There are 2 protein chains.
Amino acid sequence: MKFSKKSEYALRALLELTAQYGRALLQRHEIAKRQHIPIEFLEQILLALKNAGLLASRRGVSGGYSLIKPPDEITLGQVIRILDGPLAPIGCVSKTAYQKCSDCPYVKKGSCPIQDVMGGVRNAIAEILDNYTLRDFAGQATRQ
Amino acid sequence: MKFSKKSEYALRALLELTAQYGRALLQRHEIAKRQHIPIEFLEQILLALKNAGLLASRRGVSGGYSLIKPPDEITLGQVIRILDGPLAPIGCVSKTAYQKCSDCPYVKKGSCPIQDVMGGVRNAIAEILDNYTLRDFAGQATRQ
DNA sequence: TCTATTCTAAACTGAATTACTCAACTATTA
DNA sequence: TAATAGTTGAGTAATTCAGTTTAGAATAGA
Ligand code: FES
Ligand code: FES
C-alpha cells in the first residue's frame, strides 16, 4: 500500500513548479538540485506529467518546464493517478479503472464484503487527494 | 496503491474461518475450494496468520485451522498489516513502521507538505480498517 | 505400529515492477 | 554553428508478486 518514488518526486517537483507559476521556466536540473531527485529519473516523471497535460516545456537555451494550468486546478489525486495508476486498493472499487474480480465468490451474489469495505477506503483516499490542489499543497511550503 | 493478492485471499479465508468460529476446524482445501484460492499459496497465507497469532491449527487426520480469538477482536487493519506491511502510503507517516525520509528537503524544516497530506491519508485508511472487525466483515456475508 | 491425512517450513521460479541510467536525437537560441 | 535543454527509447540491477515444489513432522485411526 505504498505510493511509488515516482509519485513522491512528482509531487516535490510540482511544488517547485507551483512556486514558480507565472514566472520564468524552470529547468530540470534546478528542480533536481532543489529537491534531491536523480535528474534522469526526474526527466521521465516530467515527461509523464507533460504527456498528461499538466506541464508545458520549451527546449533550447533558456528552456524548461512550467505548469500549464493554474495550481488550484490540479489536484494531488490527478498527479498520483498519472504516475501510480488508480487510487483504489483493489480493482473492483476503482472508479477511474474498474476491473471486475474474476475469482471472488461474492461477485455473483451481488454483494461482496471486501468490495464494500475497500470501496469505503478508496472513497476516503479520493476524498482527500481529489480535493487537495497544488495551491493548497504549495501554500504550506511557500507561505510568504 | 494496491493491496496484494495475499491480503485479499487472507480476508476471504478469514471470512470462512469467522463463519466457522466456535465450531469444528476448517481445512485448507475446504477454504481453497470455497474461495477459489490456489491451495499452496493459501497455505503460506494461513501460516503467516498463524505465526502472527490469529489462528490455531492442528495437523493430522481431522486437523485444520481455527480462529484463536473472537472475530470481534480482530480488525482488518491487523490482517492487512500482517500480509502487506504498514498501511501508510509513505514511510514517514507510518505509525507502526515509521521511517524518516532521507532525501526530502522539507524534513529539516520541521514541516513537510507531503507528510502532512499523506498523514491525513494514512489516518483515513487506518480509521476505517482499524475499526472494522472480522465480525462486522463477516456479518455482511453470513447474515442468517 | 503402520499409514493416510493434514499442517509446517523453506527453497525455488517466472514474470512484473521499481528506481534508475545511458545514449542518441531534436529543437532553440545566441 | 555551437552550446543548451528537452525527447525518446532502451537497458539494467534489485526487489516484489504470485505462485509451485519439495521434504518433513504431527496426528488419528486401523
Ligand atoms: S468483488 Fe471484488 S473482492 Fe469481491
Ligand atoms: S518528510 Fe517524508 S516526504 Fe517530506
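As the structure is a computational prediction, the values presented were derived from the model and not from experiment. Chain A is the first sequence line, chain B the second, and so forth, proteins listed ahead of strands; every chain is numbered from 1.
Taking only distance into account, the side chain of B/Q27 never meets the base of C/dT5 through a donor-acceptor pair shorter than 3.5 Å.
B/H29 places its NE2 atom 10 Å from the C1' atom of C/dT5, with the value rounded to the nearest Å. Put simply, CD on A/Q44 is 11 Å from C1' on D/dA10, counting in whole angstrom units. Distance B/K5 NZ to C/dG14 P: 22 Å, rounded to the nearest Å. Between B/K50 atom NZ and C/dT6 atom P there is a gap of 17 Å when expressed in whole angstrom units. One can place CZ of A/R58 at 16 Å from C1' of C/dT26, the figure rounded to the nearest angstrom. As rounded to whole Å, 19 Å separates atom P of D/dT16 from atom CZ of A/F3.
Projected onto DNA chain D by closest heavy-atom contact, B/L42 and B/D84 fall at different nucleotides, the more 5' of which corresponds to B/D84.
One finds the NZ atom of A/K6 at 5.0 Å from the CD atom of A/Q44 (value rounded to the nearest 0.5 Å).
Within 4.0 Å of B/E40, counting heavy atoms only, lies at least one base atom of the nucleic acid.
Residues B/P105 and A/R34 form no side-chain contact, since every pair of their non-hydrogen atoms from C-beta on lies 4.5 Å or further apart.
Side-chain contact of B/Y106 with A/Q35: a donor-acceptor pair under 3.5 Å is present, judged by distance alone.
Side-chain atoms of A/D84 never come within 3.5 Å of backbone atoms of A/S7 as a donor-acceptor pair (strictly under, hydrogens ignored).
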